[in-house]
Colleague: 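The structure's right below; bear with me while I get my questions together.
Order of the sequence lines fixes the chain letters, A, B, ..., with proteins taken first and strands second; residue numbering starts at 1 for each chain. On a predicted model such as this, the values are computed, not experimentally measured, just so you know.
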Amino acid sequence: MAAGTYLLLMVALPVATLAREGLSKGLAELGRALFHPVARAAVLLTLETALVMAAVNAVMGTLIAYVLVRYRFPGRKLLDVLIDLPFAIPTLVTGMMIVTLLGPHAALGQLFEAAGLRVVYAPPAIILSLLFVTLPLVVRTVQPVLMELDGADEEAAYTLGASEWTTFRRVTLPAITPAIVSGALQSFARALGEFGSVVVVAGNIPRRTLTAAVHVFGEVESGDVHAASAMSLVLVTISFCVVLVVSARQRGGHG
Amino acid sequence: MLYVGALVLLPVASLLRGALGGGLRAFAEVLARPDVLSALVMTAKLTAFAVVVNGTLGTALAFVLVRDRFVGKRLMNALVDVPFALSPVAVGVVLLSLFGKGGLLRPITDALGVEVAFAWPAMAMATAFVTLPFVVREVGPVLEEMGTDQELAAYTLGASPFVTFVRVTLPGIRWGLAYGATLTMARAIGEFGAVLLVSGGVAGQTETATVFVYRALEDRDDRGAYVVATVLALASIGLLLLLDVVRKKRGSRAEAEG
Amino acid sequence: MGIVARDLVKRFPGGSGRAVDAVSFEIGAGELVALLGPSGGGKTTVLRILAGLESPDEGRVLLRGVDMTDVRVQERNIGFVFQSYALFRHMTVRENVGFGLEIRGKTRAEVDSVVSELLALVRLAELGERYPHELSGGQRQRVALARALAPGPSVLLLDEPFGALDAKVRLELREWLRRLHEERAITTVFVTHDQEEALSVADRVIVMNRGKVEQIGTPEEIYDRPATAFVAGFVGSINELEGEVRGGRAALGSLAVHAPPGAGDGTSVRAFVRPHDVELVGVTSRVEKRSSVEVATARVERLVRIGWMVRIELKLEDDQPLTVELTKDRVAELGLAEGEEVFVNLRDAKLFVQDYSI
């Protein structure tokens, strides 16, 4: 009973509050808050960076999981532990690390700058920090599924004459695709709301490097809780839908 | 390998260089600053709060979700994951619209004379909220796997429900609980977005370590920012290693049980 | 009386049907009794009701003459061995066995001496510091038994105690349970779906099916004089023949035996024939047909050699199958081969009037 009440107070109430606050001035006002050019640009930027990140993450995360499961090499254990580091390190610290590494005062940053590529205070840094923060999600979803495959399927394909690449494409990949999609969706949902690392690396220039979550923060700072609620409501709705899709897929037994 | 190295190790190394650039003595001097100390203590307090609250109520929630059958169980199960899906800033916004100026619950808290928003109660709530799912999600599967036979066996041997819980159930779920609690700690220490919105941001009073780092960056107090960020990073790396140890303990047991 | 169950009823959750339907029996102090039946027959539920792990919807449970129906499981002073053993995983063998004593506030020394004695009894004295996951199935089973015995229960209840073990260990433990019972003389009830196990270990057997008691009796009574068609079919029989009463005899295809008492002409009957109750007279080409009407012919369909026994699958003239078991020497003596015609006769059959109401 106590547990149920706790859950209701902690979870259902906040969501209800957000909906109430966001809709308190009617749908028209909600629309105005969202279609304000700054807000619209923020939402678009957030979706774009999250999409790019999810795509890169799907590929690289699968690769890392594959290497971790199928190959034995010195340092594998360490690598396995390192994968979880982004979960543990505060996101704000992640942002700082990226600025220190690639910022205008850092050697690497100047190198990129000389090559004409602006990383920090620009979209690439946003994508980079999102990649860091969500790194474990795809790896940790795909890894157990790969482990369960245990290699016998692949060996069966080899005995039937399939090359390694064909085997990966025709046998392994289809088996782990549901897990990859689940992991990518989760990282996408997580990226939409990411704040700590982005606020440090993005520069937060309205219409150019201001993401939705940082926009919410800005609105609160300037005292417009209503606009902040409206934007939060949009973020929550999108990521909640994604999470629902993921859990429906899992319940359906697709990984 | 290279990808992980570039994405994970390089940033960590560069952070350490920034913090230790002035030598260990300078590092210690920054740590002794009162505003730094108070921020670290604040983070420790909030983390302890989150671990205690979610450790007990999260475990209770896991019990309800695994053992009981009732209408709306699936909905309740889905609700547990909401904090994972919610942006931290959205959590902050919610707390402000509940307890901030003109907030929904403001009349009640005013009548009671409690200051919630821009003070530690809201920060504690934010921290507990974002870490809610960890214990539930770690203890749940362990409970499920354990079943009720061991508890019934204790009953047949004459143990009361309380004795059974303390001597049989709790030891059975201890590694799951430990794992969930460690995750809770890691997340609580690093929580920033939600806390930033509801903390008053008063240096030396309502600042957590992460909020301090943010303000220090804004104020161009780079040394302070780097030192505290390094402490946070080291704490999380320590917790990560702890997680690995707990996972091995739990894993070896589960495997041996077949 | 050790245990009395009086009109126990337990309904399925949701209300439709009864898992346990008016079950009554009495078990004497010091008896070793098997609850035998197919899975889903309600026997485990009865055992759990005796233990107090479940409460009956109707009926009473008496242990040592005291009504325990409303007494909590903790206070019934029973020992229970779970099918999964349910050993406490985080405790060593010694800690597991000592648990029941320890929570009763016994001193360290008392607990230690009882635990040592019990571990010696179950022959696990050297494994006291091991954890359950470091033991084999048979060893875990014995730890579970020692743990149940430690607090000195007045009744020992075992749920499918040998179900999860391999055949050899199962035989050993069976033998061992029998001896343990002789030494300790504690009232014991065990649940099993294995008729051989029930007949070879128990003093008496309670056969259950569909929540009801089919028969209660000694292994001999159950085997020799099955009270119902179900018991006859479940215990020991392989052959089931159909036929009807004609002229005061039960005709089973080309075979005939004495009719059950009180069954008039035209009554349908079911006969259960044990493989060793079929007499194989000989191969038709080599034996002169005797004048007895009870001798019929059958064709040998298959010979299956199992160790020193041979299972012979026959087909009667009306296509009803019949299985016979003979030693391999006897088969050689008769000169049996697949495809040959043989004369068969029934020494004994358990006959039941067909119940069309089912």
Colleague: So which part of Val220(A) gets closer than 4.5 Å to some heavy atom of chain B, the side chain, the backbone, both or neither?
Modeller: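 For Val220(A), side-chain heavy atoms alone lie under 4.5 Å from chain B.
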Colleague: Would you say that Val199(A) contacts Tyr214(B) through its side chain, given a criterion of any heavy-atom pair below 4.5 Å between the two side chains?
Modeller: yes
Colleague: Determine whether more than 12 heavy atoms belonging to other residues, nucleotides or ligands lie under 6.0 Å from atom OH of Tyr71(A).
Modeller: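 Not buried by this count: 12 neighbours or fewer within 6.0 Å.
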Colleague: Look at atom CZ of Phe112(A) and say whether more than 12 heavy atoms of other residues, nucleotides or ligands are closer to it than 6.0 Å.
Modeller: no
Colleague: May I ask you to name which of Gly196(A), Gly193(A), Ala228(A), Ala212(A) has the most heavy-atom pairs under 4.5 Å with chain B?
Modeller: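 Of Gly196(A), Gly193(A), Ala228(A), Ala212(A), Gly193(A) has the most heavy-atom pairs under 4.5 Å with chain B.
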Colleague: Gly58(B), Ala235(B), Ala62(B), Ala229(B): which one forms the most heavy-atom pairs within less than 4.5 Å of chain A?
Modeller: Ala229(B)
Colleague: Measure distances from Tyr226(B) to the heavy atoms of chain A and classify the residue's part below 4.5 Å as side chain, backbone, both or neither.
Modeller: both
Colleague: Counting only non-hydrogen atoms closer than 4.5 Å, does Val200(A) touch chain B with its backbone (N, CA, C, O), its side chain (CB onward), both, or neither?
Modeller: side chain
Colleague: With a 6.0 Å cut-off (strictly less than), is the heavy-atom count around CZ of Arg72(A), excluding the residue itself, greater than 12?
Modeller: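 For Arg72(A), atom CZ is crowded (more than 12 foreign heavy atoms under 6.0 Å).
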Colleague: Just how far is it from atom CG of Leu240(B) to atom CG of Leu85(A), taken to the nearest 0.5 Å?
Modeller: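 Separation between the atoms: 5.5 Å.
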Colleague: Is any side-chain heavy atom of Ser87(B) closer than 4.5 Å to one of Ser239(A)?
Modeller: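 No, their side chains stay 4.5 Å or more apart.
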Colleague: Identify which one of Val94(B), Val93(B), Leu86(B) satisfies the side chain to side chain contact (heavy atoms under 4.5 Å, CB included) criterion when paired with Val236(A).
Modeller: Leu86(B)
Colleague: Leu239(B) versus chain A, heavy atoms under 4.5 Å apart: side chain, backbone, both or neither?
Modeller: neither
Colleague: Between Asp84(A) and Arg247(B), does any NZ, NE, NH1 or NH2 come within less than 4.0 Å of an OD or OE carboxylate oxygen?
Modeller: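 Salt bridge between Arg247(B) and Asp84(A), a charged N being under 4.0 Å from a carboxylate O: yes.
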Colleague: Can you tell me how far CG of Leu92(A) sits from CZ of Phe212(B), rounded to the nearest 0.5 angstrom?
Modeller: 11.5 Å
Colleague: For the CG atom of Asp244(B) and the CG atom of Asp80(A), what is their distance to the nearest 0.5 Å?
Modeller: 7.5 Å
Colleague: Counting neighbours of CZ on Arg67(B) that are heavy atoms of other residues, nucleotides or ligands and sit closer than 6.0 Å, is the number greater than 12?
Modeller: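 Atom CZ in Arg67(B) is crowded, with more than 12 foreign heavy atoms closer than 6.0 Å.
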Colleague: Find the one option among Leu63(A), Val81(A), Leu235(A) whose heavy-atom pairs under 4.5 Å with chain B are most numerous.
Modeller: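 Option with the top pair count is Val81(A).
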Colleague: Can you tell me how far CG of Asp222(B) sits from CE of Met96(A), rounded to the nearest 0.5 angstrom?
Modeller: 7.5 Å
Colleague: Just how far is it from atom CD1 of Ile189(B) to atom CD1 of Ile89(A), taken to the nearest 0.5 Å?
Modeller: 11.5 Å
Colleague: Given heavy-atom pairs under 4.5 angstrom as the criterion, report whether the side chain, backbone, both or neither of Leu96(B) touches chain A.
Modeller: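 Side chain of Leu96(B) only, per the 4.5 Å heavy-atom cut-off to chain A.
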Colleague: Side chain from CB out, backbone as N, CA, C, O: work out which of these in Val136(B) comes under 4.5 Å of a heavy atom of chain A, or both, or neither.
Modeller: neither
Colleague: Please classify the contact between Ala225(B) and chain A as side chain, backbone, both or neither, with a heavy-atom cut-off of under 4.5 Å.
Modeller: both
Colleague: Relative to each other, are the rings of Phe192(B) and Phe195(A) parallel, tilted or perpendicular (30° and 60° limits)?
Modeller: parallel
Colleague: How many angstroms lie between atom CZ of Phe217(A) and atom CG of Leu196(B), to the nearest 0.5 angstrom?
Modeller: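 Here the interatomic distance stands at 4.0 Å.
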